[in-house]
Amino acid sequence: MQILHPFAGPIQQYLKNMSDPDRDRPQHCPQCQANQPLVGHGFYRRTLVDVGFDGVIPVRRYLCRLCRRTVSLLPEFALPWLRASITVIALFLIARLLQGLTLAAAAIAASQSMMPYQRGQFWIRRFRQQAPALSLALASLTAPAAAPDLVTRALQMLESIGWIVAHRFLFADLRAHLLGWPDFLAPQGRRATLGPVAPSA
Ligand SMILES: [Zn+2]
């Protein structure tokens, strides 16, 4: 299961903080509610594209001794299963869907001038599908904007709340994804195959 790393700040700071497993160690298990600190369980690595960063970041994992399941602490600037950071996707969607720029110009606005245009189209398609659910879910954080359509309304609400703040709320409280969960992780971002980790001998 992925939960959000309490860290808020630039990637460079996140990478620096990674060396200390005690720093953000969960004090209880989010999956079985065992009331004991989780034990460090290494890292997994994932790719991330952000403004000024394109590389691999470590994501810290912890293990619950009671239910033998792992929890990973995803930094809040990253989205599950998507390479691009929230900032990159937000810059692109705002440029394309609110400001009406071309796909190429929107990619430049998101500092992704070399990205294949299909990637942007994919984000747009996913976001359009999510917009009704997003404007509904975010209504508890901000008043719904008067907008000509649900896509514009959702974008304006995200802009007023802040994309990362909104993501934190959606993901941590509702297990909802800004661009919707893919089928293989639906409905709540849990892999169907997720199971207990075999106890180590
Ligand atoms: Zn547990």
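First listed ligand is number 1; within each ligand, the first listed atom is number 1.
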Checking Arg175 against Phe171: charged group under 6.0 Å from the ring centre and within 45 degrees of the axis? yes
Please check if atom CZ in Arg65 has more than 12 non-hydrogen atoms from other residues, nucleotides or ligands closer than 6.0 Å. no
Report for the Zn ion (ligand 1), protein N, O or S closer than 2.8 Å, by chain and number, lists Cys29 SG, Cys32 SG, Cys64 SG, Cys67 SG
Measure the CG-CD1 distance between Leu158 and Ile164 for me, rounded to the nearest 0.5 Å. 11.5 Å
Please name the residue in the list Ile57, Thr87, Asp50 that meets the side-chain contact (heavy atoms from CB on, under 4.5 Å) test with Phe77. Ile57
Look only at the side chain of Arg61 and the backbone of Val71, and say whether a donor-acceptor pair between them is shorter than 3.5 Å. no
Taking the inter-plane angle between the rings of His177 and Trp81 on a 0 to 90° scale, is it parallel (under 30°), tilted (30 to 60°) or perpendicular (over 60°)? tilted
